[in-house]
Amino acid sequence: MSRRKKKSLFTRKKVSKPKFTIGIPTGSEWKTMPDFASFIVADEEGNQHQFSIGETAFILPEGVLPDKLHHPTAYWIGRIKEIRARNDEDVWVLVQWYWSPQEVNSVIKSFDVSGCGQYERIMSDYYDYVSTASFCDHATVMRYDERSIDQEVFDSDDFFCRFDLEYRARKILPNITRTACCCGVPYNPDRDPVMHFCPRPACCAAYHQECLQRPTQRLDAAARARKFIESWPDTDEQLSIEDLVGSRPGRKRRKGPESSISDPLEALPGELVKAAQQQIVKGVQAGGVVGNVKAVVAARQLIYRSLLDGSLPTDWEDKVDIEAAIPPKRKSSPVFVCPQCQSLI
């Protein structure tokens, strides 16, 4: 599964005198202005860029010159909600803002910016009227649900959003403690080297290495790998691989010693098994912001269902990103136990 290619070209415009003099529309005037589905902005080379309702854009902050290229984090980011115009040269946009962590902290002093990445933005319910002359380029802000086992991967220099701001209520949703480690400190993708994720339905949480305890029972490499697979994303029950095989409907147990039964994993593709055996991690030293959560979870889910059903889908390779699951040349992490369910992570 190929990773998304990121746009990095910004639309740059020469400094020009504004073609409107009346100023920002009032709320009552806005309602009388004709509405449009899109607008066009030309760059300094004359290329035209169309912006439409529902899209997200980079917007020049007040006092920043439009004829120079700036670092992406220097721009404001907003979502286009409505487009209206006084005339062809005086076009305005109702923008719903993404706030920076520092801006959120200015209205909610308890919001800790040290738990946020530099590319993190918070979706607010705060709106402004913005001239189309301030629009620079299209932007993408990835929604990041830390508890999701199906979160799409994005690059470390992609903008992302974990939280929403209710401005009038001065409230952040979801509650930060819901996604934070057991120590109460949230994950900072720019700072934290390795976070260990437990995919159990009742857990779906990531923890700092320094907050975890090592298992009391010493296991060899093969036993550890098996235990990782048995941290099933599909159930909170502590089921072994053999338990799943034995629970197949209509399956009769073989007579004779248990040793005569071959390892069920041997019937599965080696690449799939290896992917499912990986620790689920994320962080600066562990595959980036999202890590290998989705890929390893998908591998374990395929094995779980194949052990129950007795068959593996023929298109299994389309359902799991083997390359993303197995980190390239990364030093293996110590083994820990989940503080909630005690599974190996």
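Worth knowing before you read on, the calculation uses all heavy atoms, side chains too, and leaves out hydrogens, waters and symmetry mates.
Under the 4.5 Å side-chain heavy-atom criterion for ILVMFWY residues, a single connected hydrophobic cluster contains both I303 and I322. Cluster annotation: F36 and V93 are assigned to the same hydrophobic cluster (Ile/Leu/Val/Met/Phe/Trp/Tyr, side-chain heavy-atom contacts under 4.5 Å, transitive). In terms of hydrophobic clustering, with Ile, Leu, Val, Met, Phe, Trp and Tyr side chains grouped at heavy-atom distances under 4.5 Å, L272 and I229 are assigned to a common cluster. A continuous path of ILVMFWY side-chain contacts below 4.5 Å connects L268 to I326, so both sit in one hydrophobic cluster. Linking Ile, Leu, Val, Met, Phe, Trp and Tyr whenever their side-chain heavy atoms come within less than 4.5 Å puts M123 and F58 in one cluster.
Remark: side-chain polar atoms of Q96 are not paired, donor with acceptor, to backbone N or O of D125 under 3.5 angstrom. The main-chain N or O of I83 is never found under 3.5 Å from a side-chain atom of D35 such that the two would form a donor-acceptor pair. A donor-acceptor distance shorter than 3.5 angstrom exists from the side chain of Q151 to the backbone of D145, with no hydrogens or angles considered. Here the side chain of D321 pairs no donor or acceptor atom with the backbone of N292 at under 3.5 angstrom. Without hydrogens or angle criteria, D155 side chain to D157 main chain gives no donor-acceptor distance under 3.5 Å. With hydrogens and angles disregarded, no donor-acceptor distance shorter than 3.5 Å links the side chain of H208 to the backbone of E210. Side chain of N105 to backbone of P101: no donor-acceptor contact under 3.5 angstrom is found. Of the possible donor and acceptor atoms, one in the side chain of T26 sits under 3.5 Å from a partner among the backbone N and O of E29.
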Residues H49, D43; criterion side chain to side chain contact (heavy atoms under 4.5 Å, CB included); working and verdict: CA-CA 8 Å; H49 303 265; D43 61 26; 3.0 Å; yes

Working for salt bridge (Lys or Arg N to Asp or Glu O under 4.0 Å), residues E146 and K282: CA-CA 11 Å; E146 288 190 81; K282 61 182 181 179; 3.4 Å; yes

Steps toward side chain to side chain contact (heavy atoms under 4.5 Å, CB included) verdict (F135, V91): CA-CA 11 Å; F135 281 71; V91 185; over 6 Å; no

Side chain to side chain contact (heavy atoms under 4.5 Å, CB included) between I241 and W232, worked out: CA-CA 10 Å; I241 291 167; W232 306 111; 4.1 Å; yes

Worked verdict on I77 versus I59 for side chain to side chain contact (heavy atoms under 4.5 Å, CB included): CA-CA 6 Å; I77 301 178; I59 298 169; over 6 Å; no

Verdict with reasoning, D112 to S114, per side-chain hydrogen bond (donor to acceptor under 3.5 Å, both in side chains): CA-CA 5 Å; D112 185 5; S114 68; 2.7 Å; yes

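Taking each heavy atom of Y129 and L94 in turn, the nearest pair found is CE2-CD1, 3.6 Å. Nearest heavy atom pair, residue C136 against residue F51, reads C-CZ, 4.3 Å. Of all the heavy atoms in R300 and P233, the pair that sits closest is CB-CD, 3.8 Å. Shortest non-hydrogen contact noted between R121 and S100 is CD-CA, 3.8 Å. Heavy-atom minimum distance, P189 versus V284: O-CG2, 3.3 Å. In terms of heavy-atom proximity, D164 sits nearest to I122 at C-CG2, 3.8 Å.
By the 4.5 Å heavy-atom criterion applied to side chains, V337 and T216 are not counted as neighbours. Looking only at side-chain heavy atoms (C-beta outward), E242 and P264 come within less than 4.5 Å of each other. Side-chain contact between V335 and L219 is absent, with no heavy atoms from C-beta onward closer than 4.5 Å. Between S247 and L239 the shortest side-chain heavy-atom distance does not fall below 4.5 Å. You'll find the side chain of P313 reaches within 4.5 Å of the side chain of K319, heavy atoms only. Here the side chains of Y119 and D158 are not in contact, with every heavy-atom distance at 4.5 Å or above. Contact of the T235 side chain with the P201 side chain is not registered, since no non-hydrogen atoms from C-beta on lie closer than 4.5 Å. For the pair F163 and E120, the minimum side-chain heavy-atom distance is below 4.5 Å.
Of the inter-residue distances, the one linking Q50 atom CD with E55 atom CD reads 7.5 Å to the nearest 0.5 angstrom. Summarising the geometry, atom CD belonging to E103 is positioned 9.0 Å from atom CH2 belonging to W97; distances are rounded to the nearest 0.5 Å. Atom-to-atom distance recorded for Q277:CD and E230:CD is 11.0 Å, nearest 0.5 angstrom. Distance CD/Q102 to CD/Q118: 10.0 Å, rounded to 0.5 Å. Note that OG1 of T140 and CZ of F154 are 12.0 Å apart. Values are rounded to the nearest 0.5 Å. Interatomic distance, OG of S343 versus NZ of K227, reported as 9.0 Å (0.5 Å rounding).
Annotation: N175, atom CG; neighbour count of heavy atoms from other residues, nucleotides and ligands within 6.0 Å is above 12. Residue R218 places its CZ atom among 12 or fewer non-hydrogen atoms of other residues, nucleotides or ligands, all under 6.0 Å distant. Within 6.0 Å of CD on E237 lie no more than 12 heavy atoms contributed by other residues, nucleotides or ligands. A 6.0 Å sphere centred on NZ of K81 holds more than 12 heavy atoms belonging to other residues, nucleotides or ligands.
Checking each of Y207, F336, F228, Y187 against H196 for a ring-ring contact (aromatic ring centres under 6.0 Å, His included) leaves exactly one that passes, namely F336.
Applying the side chain to side chain donor-acceptor pair (under 3.5 Å) criterion to S110, with sequence neighbours excluded, gives no partner residue. Partners of Y126 according to the ring pair (Phe, Tyr, Trp, His ring centres under 6.0 Å) rule, which considers only residues two or more places apart in sequence or in another chain, are W99, Y167.
Side-chain contact of Q342 with R200: a donor-acceptor pair under 3.5 Å is absent, judged by distance alone. There is no side-chain donor-acceptor pair under 3.5 Å between D309 and S311.
Ring pair Y75/F159: centre-to-centre distance not below 6.0 Å.
Hydrophobic cluster membership of I149, counting Ile, Leu, Val, Met, Phe, Trp and Tyr whose side-chain heavy atoms lie under 4.5 Å apart directly or via other members: F197, I280, V293, V296, V297.
Between R305 and D234 a salt bridge is recorded (basic side-chain N to carboxylate O distance below 4.0 Å).
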